[in-house]
Colleague: 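Here it is, the structure, as structure tokens.
Proteins come first, then strands; the chains are lettered A, B, ... in the order of their sequence lines, and each starts at number 1. Note that the structure is predicted; figures quoted are calculated from it, not measured.
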Amino acid sequence: DTGVSQDPRHKITKRGQNVTFRCDPISEHNRLYWYRQTLGQGPEFLTYFQNEAQLEKSRLLSDRFSAERPKGSFSTLEIQRTEQGDSAMYLCASSFYRGNTEAFFGQGTRLTVV
Amino acid sequence: KQEVTQIPAALSVPEGENLVLNCSFTDSAIYNLQWFRQDPGKGLTSLLLIQSSQREQTSGRLNASLDKSSGRSTLYIAASQPGDSATYLCAVRVGNQFYFGTGTSLTVIP
């Protein structure tokens with residue numbers, strides 16, 4: 001297993017367009033997280049899945065954001081009607097539910113809204 | 001709400017020096033604490049995980065300590081190298097969320 005994989009690595013989109021990002025977690029991990037990081041800041045929590053269930057969502061996750069994890073495997077994060085303020089690095093992480101809960105992050109998707 | 005602070009925000013040292021990065025958190029009810037490294041424009045690489053019941057963890061030239069009661073952790077880097085230049089982030093896990101500091105930007109000068 002090569003770790004957490006995110007696609008695409010970079011995305012430039014015009015304001016008002018919809019974008020979708022994909023995350024493939026480490027295969028044995030049943031927890032999956034999405035975080036957002038802006039320049040000079042630490043990552044901020046967006047949402048969390050345990051298997052296919054979305055158990056927590058941050059207030060940062062407006063109704064323009066939606067995340068899914070069908071069948072408890074890969075996850076997608078969609079942003080509708082993008083705004084310039086959505087420009088950020090979107091990070092995905094995964095971990096086990098029990099025992100060693102070390103979180104492993106992907107390389108992120110850098111979104112630029114122009 | 002958990003607040004995580006990292007001091008200093010930036011640090012520049014000559015190669016070979018030992019150094020300490022600090023992390024403090026406001027709520028001691030954490031599940032674990034994790035240190036990460038982030039290179040510019042990249043994702044996070046896990047360095048060390050300390051469970052709430054542990055006092056320290058070591059990996060190669062890195063040693064992390066945890067004092068949960070005082071809300072503090074330190075990351076000690078021995079014999080620093082230019083390849084250690086990066087931003088170092090600490091994160092505490094509370095429930096199902098990780099709370100991050102804003103990081104310490106480390107530059108090791110050859």
Colleague: Residues of residues 84-93 of chain A under 4.5 Å from chain B (heavy atom pairs)?
Modeller: M89(A), L91(A)
Colleague: Select one option (side chain, backbone, both, neither) describing which atoms of L89(B) are under 4.5 Å from chain A's heavy atoms.
Modeller: side chain
Colleague: In terms of heavy-atom proximity below 4.5 Å to chain B, should Q6(A) be classed as side chain, backbone, both, or neither?
Modeller: neither
Colleague: Salt-bridge test for D7(A) and R9(A): reply yes if a basic N is under 4.0 Å from a carboxylate O, no otherwise.
Modeller: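 The answer is no: the pair does not qualify as a salt bridge.
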Colleague: Mind listing the closest non-hydrogen atom pair of C23(B) and V4(B) along with its distance?
Modeller: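 Looking at all heavy atoms of both residues, the shortest contact is SG-CG1, 3.7 Å.
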Colleague: Under a 3.5 Å threshold, yes or no: a donor from one side chain and an acceptor from the other, between T87(B) and R37(B)?
Modeller: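 Result is no, nothing qualifies.
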Colleague: So what's closer than 4.5 Å to chain A heavy atoms on Q38(B): side chain, backbone, both or neither?
Modeller: side chain
Colleague: Please test I26(A) against V4(A) for side chain to side chain contact (heavy atoms under 4.5 Å, CB included), starting from the C-alpha separation and ending with a verdict.
Modeller: CA-CA 5 Å; I26(A) 293 172; V4(A) 179; 4.1 Å; yes
Colleague: Using heavy-atom distances under 4.5 Å, tell me whether Q34(B) contacts chain A through its side chain, its backbone, both, or neither.
Modeller: side chain
Colleague: Taking R64(A) first and then E83(A), would you say they form a salt bridge - that is, a charged N and a carboxylate O separated by under 4.0 Å?
Modeller: yes
Colleague: Are any of the side-chain heavy atoms of F96(A) and R31(A) separated by less than 4.5 Å?
Modeller: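 Not in contact.
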Colleague: Within the 3.5 Å criterion, strictly below it, is a donor on N22(B) or Q6(B) matched to an acceptor on the partner's side chain?
Modeller: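 No, no side-chain donor-acceptor pair sits under 3.5 Å.
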Colleague: State, with a plain yes or no, whether a side-chain heavy atom of L48(B) is found less than 4.5 Å away from one of L75(B).
Modeller: yes
Colleague: Which members of residues 38-62 of chain A, sorted by number, sit under 4.5 angstrom from chain B on a heavy-atom basis?
Modeller: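 Residues of residues 38-62 of chain A touching chain B at under 4.5 Å: G40(A), Q41(A), G42(A), P43(A), F45(A), Y48(A), E56(A).
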Colleague: Under a 3.5 Å cutoff, is there a donor and acceptor pairing between the side chains of T74(B) and S65(B)?
Modeller: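 Yes.
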Colleague: Going by the angle between their ring planes, with limits at 30° and 60°, are F100(B) and F36(B) parallel, tilted or perpendicular?
Modeller: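 F100(B) vs F36(B) ring planes: tilted.
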Colleague: Can a donor-acceptor pair be found between the side chains of S73(B) and W35(B) at a distance below 3.5 Å?
Modeller: yes
Colleague: Are side-chain heavy atoms of V108(B) and S85(B) found at a separation under 4.5 Å?
Modeller: yes
Colleague: Taking side chain as everything from C-beta outward and backbone as N, CA, C, O, which of these in N32(B) sits under 4.5 Å from a heavy atom of chain A? Side chain, backbone, both or neither.
Modeller: side chain
